[in-house]
Structures are given as structure tokens and as C-alpha cells.
**Student:** 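First the structure, which I've put down as C-alpha cells, then a few questions once you've had a look.
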Amino acid sequence: MSYQIISIAGLFYILAMPIYIIYMLSKNNKVGYLASTTLLLGASIHIYGFVRRFLEMYAINHSVMRSIPITNLYESLVFFVLSLVIGYLFIEWKYRKKSFGVFISIIAGIGIGLTELLGMAREVQPLVPALKSNWLLAHVTLSFIAYAAFAISFITALLHIIVSSENKKSFKYYFSTALLGVMLFVFISMIIDIITAGNPKSVKMFHSTLGNSSLSIAILSWLSLLGFIFISYKFSDKLVKILKDFRIDDNFLEDITYKGIAFGFPIFTIGGLVFGAIWADQAWGRYWGWDPKETWSLITWFVYAFYLHAKFIRGWQANKTSMIAVVGFIVTLFTYLGVNLFLSGLHSYGSM
Amino acid sequence: MSKFEKLNEKVWDFFSSVDLAVSLFIVISIGAAVGTIIPQQPEPEITVRFFSKIMSEENAIKIYEVINLLDLNNLYHSWWFTFLLFMFALNLIVCSLDRLPVLIKSFKSQPQPLPISIIEKMPIKREIKFNEKSDFKNKVIDLLKKKGFQTDIFHTSEALQIQAKKWIKTRLAIYVTHLSILIILAGALIGTFWGFRGHMNIVEGTGTDFAISDDGKAIPLGFKVFCDRFEVDYYENSAVPKAYRSYLRIIENENPVKFNGKETVLIEVNHPLSYKGITFYQASYGFQPQENAEFRFTYFDKNGKPVPLKAKFEEKFKLPGQTVSVSVIDFSPALGIDEQGRLFNMTTDMINPAVLLLFEDKGKRENQWILKKIPETWETPYGRIRFDELWGAQYTGIQVRKDPGVPLIYAGSILMCIGLFVSLFLRPINYFVTIKNNTICFYAPSSKGKVMTEKKLEEIISELKGEVS
């Protein structure tokens, strides 16, 4: 089945993370090649799985345009991760820098891991009538390519804040290290969740940690979350040193942050908002209806518009703009996952 | 300057400021986000029920009063949200009027040499020295021209200065984007004033000449819409609908309206019908049996010849060439069998329609379920009876809309895409080159995309080196 192939790709992504870390510490170019190759191998398997899934759907729908596997939460997450990894590999090739590969592999690993964890329906499902439109392809693929571009700009922006904050008492240092700590905790918690779950179908997120039925373990997990944040706070300056040793310069990070948004913003506008509006107009009889998904897309759009205006007109630089890019991706994430998990609306195909 | 002029200028500056724009981004975003959390429904009970989940009912009622006062349960159409959007539009207009003339003037004005002190402060700088003498000036200019740059040359006392620029006019694109937002807002305004939205449920075989608006008012359409037939296809062995469609007919002044020469038009999800600016969208469907609902069968006689039959509920009918009289005594839209083998009805969707037929022949009474989708059940002691459909028991839910603003929305959307792509993908490029003796310096004034700019300068320099040597 296609989802098993995609899970294997996810394993390669998780595998790439320690190799990237070793590369960063050792600065050995051979290890660097190995890291990139692992990620590339993961992406190739991922593409193969994607094509397999396309064929499985084609066998049901008999339409090329409507068989692109992006019709539910699982498929969209898989496509998002694929776009992210391919986008990263492109940047790595273009700029000849492997400096943030480790974070890409973390997010890619979390992404594929989530599909296992949240117990999403991963079997190929027939299309509901509302999704039977050629706009599906244009609207959803472009939206997710934009999300992936925002994700890349998020990573570089976060790194940029970390790299340029030497003062442990500054707000940006607190901000970035806390976020980093939470990300690490979520990553490790997810691995524990998978290992401890007896039945792979019944895995629940944070079941083994924060939401454990045993009070002591739950408290311990919350404490360790704080611990992670503290460790991240305490040792991020060491990370800064490693990154600086590595000649990762803030210009490069700021550049990628900007490029990610400059690429993602028009794609998101045309694919997410405009195509979405046209499709809604044809399918639901209104181009805009303040549905939660629509509203949060608009908010996402406003945050990135804020970024561009702050950068171009106000001339904000460095950390201020990076901070907006970080917030932008958190909002994007809510638009993508949060709306489906917490709010109800018309975009229910994206729920689990 | 008079006091009035001063005030005027202050107001103008306020509305043309980016600070206002950026603040509006934030305030509108927060407002819109609140609207996705608080239920957007006018009924007080819904709001109170929502809040009493997290607080006592008394407090929830108090909260409702605040919400009602600020229109938070109809936030997107509230006076203050509309006001914010209006401010946003005003800000865009004033901003553009403020900046656009300056930009256009800068295109027309003659380029001037910059003092070297300003050039040297630019964030990106590359310097190369050559040992041999050469005609650097023409080589640099040729190279830049080959790369699509427009060049201006100045002989200043300090050095020879070349200003190169490319895609300068793309600065206008951002005003195209801003204009497109105004067009979209105008389209939305036209839609709210001269358009309407509503829905109508038409039972198969009936018609209606009005729609019901979202706030419950009847909107006369000026013509009558009939639904001749409604169908749902389900995926095999599943309750997931594959497709649903209505066959509509429009009658205006007692005359049928023809579409492409046909009276009946099929509408499906994603395939609406438009007439006189009013669009009909297939939205939903449901089960609502009527008095005149009709069971339709096909009876196959001894020679296998199909004979169509129809009957209402509990109405007796004869099979051709037989003495038996038949009637429908029960109907199930979704007949299922539970674990104990008992029959039950799963839903009101017609997933697996079945009828219970009663056969009465010379005092003998027998009954049998006939399932539409299972041919084995069609065989009866009196011959093969196929259950075709129950006609007139489902309604089609149609979304009705009239919106004269839509063409503006489409035009604005297209403009917005063009404007954004041009302004973000074709950024204007400016290089300054100074040549003094054997030293050539390249400068770039913007720090946006520094790494790539440096890379591109590096490319130009290596090409130049190749040409000189």
C-alpha cells in the first residue's frame, strides 16, 4: 500500500536528522553528503509512494485531474512534507549550504509521524461530490506549496533569531529558545507515543506523555517539557556557537526567510485565496463566506503582508522581521491544522 | 500655513501612513479570529450554550449581552468590522495617491550622479583591481547591457560613475495590487447592496417561485423553478454519496425557458445553473415523502417483456395477465439487517431502497421485500418485479444567489495575482559602478536578498575578468 511506502520515507527523514547533526559537529563533507543523500533517498521513496497513491486513486476515480492525492488531512500532510523536503533540497543545491537540514528533517519527520500518531484514515477514500472539481488540483496543491515555503522561512527565521541573540536576557532569546524546546519535546514525545502504543491504529498524540492517564507520568512529562525549554534556554548559546563556527551567516538566513515568503505569498494568494474563492463561488454559490478556514487564510495573508510592508516600507530588518515570519508560520499552521481540529466549518474534508 | 491646512495635512499623513496599514492588518486579523471562535448565529440560546460550557449560566447570559452589544455574533457584518474594512480601503487610496505621483515623477526625472560618499555607504560592495590597462568603461557597459540593464554614465571629478538599472518599472506593480484590493472591496459592496443569497428546497415533482434568504425572508424570483427529478448515486457498499443531481425546468410567464434548445437542465455540485443573473447551486438533499409520491416498478411478463407499473402507497394495482392484486405496505430508504437477522432502517438517505409488497390472490395473502439493488429479491411467485424508484419523496436543496459584484471580484483577483507576481518576482535591480584608474567597484543599495545579489555581482565580475584577460 502507498502509505507504507510513505512511512518508510518518513523513517529516512528521521534518520537524516542525526546525520545532519553529526555533520554540523564534525564538519566532515563526507558526512554532509551522506546526510543529503539520506534526505534525497527519503524524498525519492516519498515521490514513489505519492505516485503509487495516485495510481490507487486513479483506479477508483478514472480521472487524472481528480486523482492527485491531496483530498484529506493525511494526503495533504504527506504532500506538504514532500514539498518542504524538495524545496529544501533545491535551496541546498542552489546555495551550497546544508546549515538547516537538521531542522527540515525534524519537521519532515514530525509531519509523517503525525499521520501515524493522530490515527488518520490513510486508506484511499472515494471522493465526495464537493471535491469533484478541477479546482481541487490548483487550489490545494498551490496552497500546500505555499505552506511549505512558509515553513522553510519559519525555520530560517527562527535560526536567524537564535544566531543573532547572544544576550540571554533578551526577549528574542527567550522566544526562540522556548519555541525550540517545545519543538524538540514534541518530536521526542511523538517517538515515545509510537513505541509505547500497542496498536498502531490507536496511537494518540501525547498519550504517553502530557496526557498520560497516570498522573505522575503526566506531571513528569510537563516537568520535562519545562526542562526541555530550560535546556534549550541554557544551551542555545552553544548552538549559536556551533552555527557560527559553521559559517552560517545571518544574511543567508534572512535571505532565505525573505525568499520563502516572497515565493510563498503570491502562490498562497493565487492558489489559496483566489482559486479558493473561485471554487467556492462555483460550488457553494459565494466567493467569500467567513468560513473559519477562509478567515484564517485571510489572517495568514495579513501577517505576511505585514512582513512585506515592515520590510519594504518601514525598513525593518533582521530580527524584527524574522519574528513576524515565525508568527506567520504559527498562524499558517493553525489555518492548516488548527481550524480542522478545533473549529468547524465547510472545509471538513481536512478533518480526520 | 493656516490651522486648517495644518490639520488637513495631519489627517492626510495619518491616512497615508504605513503604520495605520500595519495596525489595521493586526486589528482586522484579531477581529476576524474572534469571529471564528464565537458562534456566528443570531439566536441568543446558541451563544449562551456555548459560553455556559466554561462558566455558569448567569455569567454566560451577561457575556451574551456584551456580545450582542458589539455584534460579536454577527461580527463580519457588524458596524465596527465594516468600519475597519472601510478604513483599510481609505488607507489604501490615500497611500497610493500619496506615493504614486512621486514614483512616476522619479521615472521621468533625469538621473543624477550620486556623491561618492553616499555610494560608499551602500551595504553591498565588491572591488576588483586589474594590473593591465584596458577600456574598462565600455566593457562594463557592454556587459551590463547584455544582461538587460539600462545604463547612465557620469563623469565626476572623483571617478567615472555608471548607474545600471533593470525592471525599475516593476515598482508600479504594487499599486496594481493595491488597486485590485479596492476593486475586490467594491465588488463585495455591490454584492451586498444589489445581490441576495438564499436557499430553496424543492421536492421532486414540484416547483417554487421564491427563495428563502439567510435571515428567513422570502425572495420572489420572478419565475418558477421545477424539479422534475432528483438522483443520488452512492459508492458501492457505502453511505458516501458519489454524485447527486437535479433536473430543473424554469417556467417564466407560463412559458418554459430553453437552455441550449432544451427545457430541462441538469445541475450538480460544482455545476450550477444561471438564469437572469440568478445562479442555482446544488447544495444538499433530503428525504421528505409527499402524498403523491409514486413507487415505480418494471414487471417482466412470461416472455420477458418489460411493463412499467406505478402506484401510490397502499394503493392496489394488478400485474398484467395475473389475477393477483399488489400493494406497497412498507418502504425503507436504507434497509439493513441487524445481528439478530431483523430488518431495520439505517438512515433516511436512499442508500438501499426497499419496498414491502403485499400480494393478495384468492384470499391468499403473502408479502415480500423487494430491494432495488439486489436482483435476487425481484423474483416473486407471480413473476419478476423490479423496484425502480420512489419518485417524489426526496427534496433537492438548492443554494440561490444573485451577485452583480462577481465580475469585479474576478477582475480584481486577476489583477492582484499579476501585481503580486510582478512585484515579488521581478524586483527592481540597481547597481552602481565606479571606475578609477584600474580599480572597478560595484555597489548595490538594497540589502534585500543580499546573498543572491552578491552571487549575481560575483557572476558579473568573473565574466568581466574573463573579458579583460
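Here is how names work: the chains are called A, B, and so on, in the same order as the sequence lines, proteins then strands, and each is numbered from 1. As the structure is a computational prediction, the values presented were derived from the model and not from experiment.
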**Student:** Tell me which of these, A:A277, A:A310, A:A305, has more heavy-atom pairs under 4.5 Å with chain B than the rest.
**Tutor:** A:A305
**Student:** To check you understand the geometry: which heavy-atom pair defines the closest contact between B:T36 and A:P292, and what is its length?
**Tutor:** CG2-CA, 3.9 Å
**Student:** Check whether NZ of the Lys or CZ of the Arg B:R427 lies under 6.0 Å from the centre of the six-membered ring of A:F312 and within 45 degrees of that ring's axis.
**Tutor:** yes
**Student:** Under a 4.0 Å threshold between the charged nitrogen and the carboxylate oxygen, would A:D281 count as salt-bridged to B:R401?
**Tutor:** yes
**Student:** Does some side-chain heavy atom of A:W288 sit less than 4.5 Å from a side-chain heavy atom of B:I409?
**Tutor:** no
**Student:** Between B:S413 and chain A, with a heavy-atom cut-off of 4.5 Å, which part of the residue counts as in contact: side chain, backbone, both or neither?
**Tutor:** both
**Student:** Heavy-atom cut-off 4.5 Å, strictly under: side chain, backbone, both or neither for A:W135 against chain B?
**Tutor:** neither
**Student:** Once you round to the nearest 0.5 Å, how far does CG of A:D291 lie from CD of B:Q40?
**Tutor:** 11.5 Å
**Student:** Need one label for B:I30: side chain, backbone, both or neither, based on atoms under 4.5 Å from any heavy atom in chain A.
**Tutor:** neither
**Student:** Would the number of heavy atoms belonging to other residues, nucleotides or ligands and lying under 6.0 Å from NZ of B:K456 be above 12?
**Tutor:** no
**Student:** Determine whether B:I414 and A:V274 make a side-chain contact, defined as any pair of heavy atoms from C-beta on separated by less than 4.5 Å.
**Tutor:** no
**Student:** Find out whether B:Y410 and A:Y287 are in side-chain contact, i.e. whether some heavy atom of one side chain is under 4.5 Å from a heavy atom of the other.
**Tutor:** no
**Student:** What part of B:A188 gets closer than 4.5 Å to chain A, counting heavy atoms only: side chain, backbone, both or neither?
**Tutor:** both
**Student:** Assess whether side chain to side chain contact (heavy atoms under 4.5 Å, CB included) is satisfied between A:I261 and B:L424, documenting all intermediate values.
**Tutor:** CA-CA 9 Å; A:I261 292 170; B:L424 287 169; over 6 Å; no
**Student:** Please indicate whether B:W80 has more than 12 foreign heavy atoms, meaning atoms of other residues, nucleotides or ligands, lying under 6.0 Å from its CH2.
**Tutor:** yes
**Student:** What residues of residues 172-183 of chain B sit under 4.5 Å from chain A when you count only heavy atoms?
**Tutor:** B:H178, B:I181
**Student:** Please round to the nearest 0.5 Å and tell me the distance separating atom OG of B:S23 and atom CZ of A:F306.
**Tutor:** 8.0 Å
**Student:** Could you walk me through whether B:F25 and A:V303 pass the side chain to side chain contact (heavy atoms under 4.5 Å, CB included) test, one step at a time?
**Tutor:** CA-CA 7 Å; B:F25 288 169; A:V303 176; over 6 Å; no
**Student:** Measure centre to centre between the rings of B:F81 and A:W290, then say whether the value is under 6.0 Å.
**Tutor:** yes
**Student:** Answer with yes or no after comparing the ring centroid distance for B:F88 and A:F302 against a 6.0 Å cut-off, counting only values under it.
**Tutor:** yes
**Student:** Side chain, backbone, both or neither: which part of B:A283 has an atom under 4.5 Å from a heavy atom of chain A?
**Tutor:** neither
**Student:** Chain B: which of A:L298, A:I256, A:I278 shares the most heavy-atom pairs with it under 4.5 Å?
**Tutor:** A:I278
